[in-house]
Number of protein chains: 2
Amino acid sequence: MNLVGPTVHIVDDDQSFRTAVGRLLEASGYRVAAYESGEELLARLPSGHGCILLDLQMPGLSGLELQARLADMAPFLPIVFLTGRGNISITVQAMKAGAYDFLEKPASSTAVLEAVKRALQLCETRRLEQDRVQALHTLVARLTPRESQVFRLIVRGKRNKQIAYELSTSERTVKAHRHNVMEKLGARSLAEAVSMAERLGLLEKTA
Amino acid sequence: MNLVGPTVHIVDDDQSFRTAVGRLLEASGYRVAAYESGEELLARLPSGHGCILLDLQMPGLSGLELQARLADMAPFLPIVFLTGRGNISITVQAMKAGAYDFLEKPASSTAVLEAVKRALQLCETRRLEQDRVQALHTLVARLTPRESQVFRLIVRGKRNKQIAYELSTSERTVKAHRHNVMEKLGARSLAEAVSMAERLGLLEKTA
DNA sequence: TACAATATTGTCCTTTGGGGCAACGCGACG
DNA sequence: CGTCGCGTTGCCCCAAAGGACAATATTGTA
């Protein structure tokens with residue numbers, strides 16, 4: 001699904017605007033998907049590489065409301081607001097909520113293209129980071145419940161003896177689990193295992 | 001120096017405004033320091049717990065220019081813009097540059113107080129985080145050059161043997177350094193040492 | 001010059017970690 | 001009913017780490 005290249009999702013209730021901006025972006029080599037409302041965007045929730053060009057005032061979901069929904073549902077798609085009736089207060093709200101940029105209509109072609117270009121770069125960065133974390137999650141998910149317990153204790157510096165005591169089992173058993181953990185995670189040293197746990201936030205949580 | 005409580009630094013070229021806002025904040029129990037220009041603020045660079053209330057248009061340094069300077073010089077002081085002649089573009093610039101909030105004159109007392117209150121909370125959060133990192137830096141700084149080298153290799157999962165080889169010394173020596181490292185860092189396990197290194201970004205850098 | 005910090009190395013012993021080999025009990029699923 | 005995944009455990013052995021005790025060499029500085 002990612003073979004299609006970056007897609008710019010345009011959400012605006014003004015049909016002529018969608019067409020105009022869509023042509024501009026397509027002329028620059030981007031794939032474009034247009035939506036008449038926030039509800040429509042949510043219905044065909046975009047995935048993959050891209051960004052969102054969002055109007056502020058629309059019938060139904062407002063831009064800010066849609067932004068809030070998207071923060072959960074499509075966290076890697078940067079949002080660029082592009083609106084005609086903005087004000088400072090709204091702008092601040094949008095930026096605080098994580099908008100990547102905020103442009104005013106009419107915006108110059110170069111401004112829009114520049115914003116889209118950078119937003120797509122950000123999307124790529126987010127996805128790479130997401131992929132790294134996802135890969136770690138996948139590895140950790142393959143641990144059995146018991147192995148997972150042992151893992152948490154290992155990366156907190158507990159000795160096999162202590163782990164055995166805390167889990168009410170024998171040291172030999174802990175060794176077996178420990179072996180499985182390291183193998184399943186592909187960690188060639190304790191340092192690697194700790195590092196993985198750190199990136200997954202397993203060290204603060206259970207503190 | 002931190003016994004004095006949070007200080008709100010007001011930077012505005014309008015004397016009557018400084019006085020008015022200053023009184024409002026003092027009435028709410030904050031310490032206040034007022035500055036007529038960005039240059040004046042930089043000259044008596046504030047330290048400690050606080051935040052900055054910043055006008056946009058001023059003779060000399062503009063608000064955005066001052067913000068850029070402060071990002072380096074006082075990174076824990078959140079900046080709240082409070083200006084009468086703002087526009088969306090400027091707002092976006094300020095927010096992208098890390099401003100905490102952006103209010104328009106005239107702003108209601110409650111809006112100003114609320115923004116200041118939250119900015120001070122953010123300052124506190126930043127300072128706590130900063131203190132943690134600083135504490136780690138201090139510990140690591142106490143390592144001798146050789147110990148530091150050993151530390152970097154330890155937290156990357158290298159065996160004493162390998163470290164000895166890489167540093168062209170004996171395994172016994174590495175053991176000695178390793179012992180010193182763990183003691184100086186107060187790490188009771190390898191996991192703790194790795195965790196400290198991770199927080200200091202020592203694992204990506206030398207990767 | 002003498003002291004302090006740093007880097008170095010040795011021997012000896014104990015504790016821990018890691019792995020091989022083998023085995024048992026249990027619950028799930030076909 | 002048999003297989004499989006999971007958790008369990010024992011014995012034995014080797015490698016690695018940690019600590020005790022001791023010592024040497026270099027260098028910068030009081």
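Here is the naming used below: chain letters follow the sequence lines, and residue numbers restart at 1 for every chain. Side chains included, hydrogens not; waters and symmetry mates left out as well; all remaining heavy atoms used.
Of the residues K184(B), R152(B), R142(B), the one that meets the salt bridge (charged side-chain N to carboxylate O under 4.0 Å, His left out) test with E147(B) is K184(B).
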Please list every donor-acceptor pair under 3.5 Å in which a side-chain atom of residues 64-81 of chain B meets a protein atom from a residue at least two apart or in another chain.
residue, atom, partner, partner atom, Å
E65(B), OE1, S62(B), N, 2.9
Q67(B), NE2, A94(B), O, 3.1

Table please: side-chain donor-acceptor pairs of residues 160-168 of chain B below 3.5 Å, with sequence neighbours left out.
residue, atom, partner, partner atom, Å
N160(B), OD1, R178(B), NH1, 2.6
Q162(B), OE1, R159(B), N, 2.8
E166(B), OE2, K158(B), NZ, 2.7

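Residues meeting the side chain to side chain donor-acceptor pair (under 3.5 Å) test with K117(B), sequence neighbours left out: none. Remark: T7(A) pairs with R31(A) by the side chain to side chain donor-acceptor pair (under 3.5 Å) rule, at least two apart or across chains. A search for salt bridge (Lys or Arg N to Asp or Glu O under 4.0 Å) contacts involving E129(A) returns R132(A), not counting sequence neighbours. With sequence neighbours left out, R126(B) forms a salt bridge (Lys or Arg N to Asp or Glu O under 4.0 Å) with no residue at all. Residues meeting the side chain to side chain donor-acceptor pair (under 3.5 Å) test with Q134(B), sequence neighbours left out: none.
Salt bridge E171(A)/K175(A): absent, no basic N to carboxylate O contact under 4.0 Å.
The ring-ring contact (aromatic ring centres under 6.0 Å, His included) analysis of residues 15-38 of chain B, with sequence neighbours excluded, yields the pairs H9(B)-Y35(B).
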What protein N or O atoms touch nucleotides 15-19 of chain C N or O atoms at under 3.5 angstrom, if any, and at what distances?
residue, atom, partner, partner atom, Å
dT16(C), OP2, K161(A), NZ, 3.1
dG17(C), OP2, N160(A), N, 3.3
dG17(C), OP2, N160(A), ND2, 3.2
dG18(C), OP2, R178(A), NE, 2.6
dG18(C), N7, K175(A), NZ, 3.0
dG18(C), O6, K175(A), NZ, 2.8

Check nucleotides 23-30 of chain C against the protein and report each pair of N or O atoms closer than 3.5 Å, with its distance, or say if there are none.
none

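Within the nucleic acid shown, S170(B) comes within 4.0 Å of sugar-phosphate atoms alone, with no base atom in reach, counting heavy atoms only. Among the atoms of the strands shown, only primed sugar atoms or phosphate atoms (P, OP1, OP2) are found under 4.0 Å from some heavy atom of T144(B).
Comparing the axis of the opening five pairs of the helix from dT1(C)-dA30(D) to dG30(C)-dC1(D) with that of the closing five pairs yields an angle of 30°, rounded to 10°.
Sequence order on DNA chain D of the closest nucleotides to T169(A) and K184(A) puts K184(A) first from the 5' end.
First and last contacts of DNA chain D with chain B, using any nucleotide atom under 4.0 Å from a protein heavy atom and ordered 5' to 3', fall at dA16(D) to dC21(D).
Between the side chains of S195(B) and R199(B), a donor-acceptor pair is found at a separation under 3.5 Å.
Taking the ring centre of F102(A) as origin, the terminal cationic atom of K96(B) falls outside the region bounded by 6.0 Å and 45° from the ring axis.
Without hydrogens or angle criteria, H49(A) side chain to L120(A) main chain gives a donor-acceptor distance under 3.5 Å.
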